[in-house]
*Asks:* 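Dropping the structure in here first, questions after.
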Amino acid sequence: MSIEHFVDEIQVLGRDLVDRVKALIHEGNVNRIIIKDDKGQTFVEIPVTVAAVGAVAAPVLAAIGALSALVAKFKIVVERSEPKPAEQPESAQAQSKAP
C-alpha cells in the first residue's frame, strides 16, 4: 500500500481563519498547512505533525489570530495524504470474475 499526496486550496475571510486552521489540524490526513494572502504571499507554513502537539499548537494559533486581523482574505493551501487502495494481482481479479 502506498500513500497518495494531494493539495487543496481554501479561500477564507480573516475572521474565519483560526477556526478553519483548528479544524484542519484535527483532521487526520493533513500534512502541512500554508497560509497565503490573496496576492499569493506566504505568511505561515505549518507542518501539522508538529502543530498537533498541544503545547506547540497554542502559540501557532495565536500567531494566526494576529495575522487574521491584518488581512481580510486568505488562501489556505492544505497538503494531504491518503493511502491508495491496494491493487489486486491479476490472478485474484480473474478468480473473482469466474462463475
Side-chain angles (χ1 to χ4, degrees):
M1 181 167 77
S2 63
I3 296 179
E4 181 178 333
H5 295 280
F6 58 96
V7 176
D8 289 332
E9 290 188 4
I10 304 166
Q11 298 282 339
V12 295
L13 297 176
R15 65 178 178 259
D16 300 327
L17 182 63
V18 174
D19 293 332
R20 187 66 178 143
V21 170
K22 281 183 188 179
L24 289 169
I25 288 173
H26 291 292
E27 289 183 19
N29 62 348
V30 176
N31 291 339
R32 178 181 302 272
I33 298 172
I34 303 168
I35 298 174
K36 298 181 177 188
D37 66 3
D38 55 349
K39 297 176 185 173
Q41 181 180 6
T42 301
F43 283 101
V44 179
E45 289 190 36
I46 307 165
V48 174
T49 53
V50 173
V53 179
V56 176
V60 169
L61 291 173
I64 292 170
L67 278 176
S68 66
L70 299 175
V71 180
K73 293 181 183 177
F74 287 94
K75 182 189 305 182
I76 302 174
V77 180
V78 183
E79 294 180 9
R80 301 176 187 266
S81 63
E82 289 188 1
K84 285 184 182 178
E87 294 184 22
Q88 295 179 351
E90 288 184 29
S91 60
Q93 288 176 355
Q95 289 176 355
S96 65
K97 292 181 182 178

*Asks:* I'd like to know if Val18 and Phe74 are part of one continuous hydrophobic network [Ile/Leu/Val/Met/Phe/Trp/Tyr, side-chain heavy atoms within less than 4.5 Å].
*Replies:* yes
*Asks:* How far does CG of Leu61 sit from CD1 of Ile25, to the nearest 0.5 angstrom?
*Replies:* 5.0 Å
*Asks:* If you group Ile, Leu, Val, Met, Phe, Trp and Tyr by side-chain heavy-atom gaps below 4.5 Å, do Ile10 and Val7 land in one group?
*Replies:* no
*Asks:* Output a table of donor-acceptor pairs, distance under 3.5 Å, between side-chain atoms of residues 30-45 and any protein atom two or more places apart or on a different chain; print 'none' if there are none.
*Replies:*
unit_1	atom_1	unit_2	atom_2	d
Asn31	OD1	Ser81	OG	3.4
Asn31	ND2	Ser81	OG	3.3
Arg32	NH1	Glu45	OE1	3.4
Asp37	OD1	Lys39	N	3.1
Asp37	OD1	Gly40	N	3.0
Asp37	OD1	Gln41	N	2.8

*Asks:* Which residues satisfy the salt bridge (Lys or Arg N to Asp or Glu O under 4.0 Å) test with Asp8, sequence neighbours excluded?
*Replies:* Arg80
*Asks:* Give, for atom CD1 of Ile64 and atom CG of Asp19, the distance between the pair rounded to the nearest 0.5 Å.
*Replies:* 11.0 Å
*Asks:* If you take all heavy atoms of Ser68 and Gly14, which pair is closest and at what distance?
*Replies:* CB-O, 3.0 Å
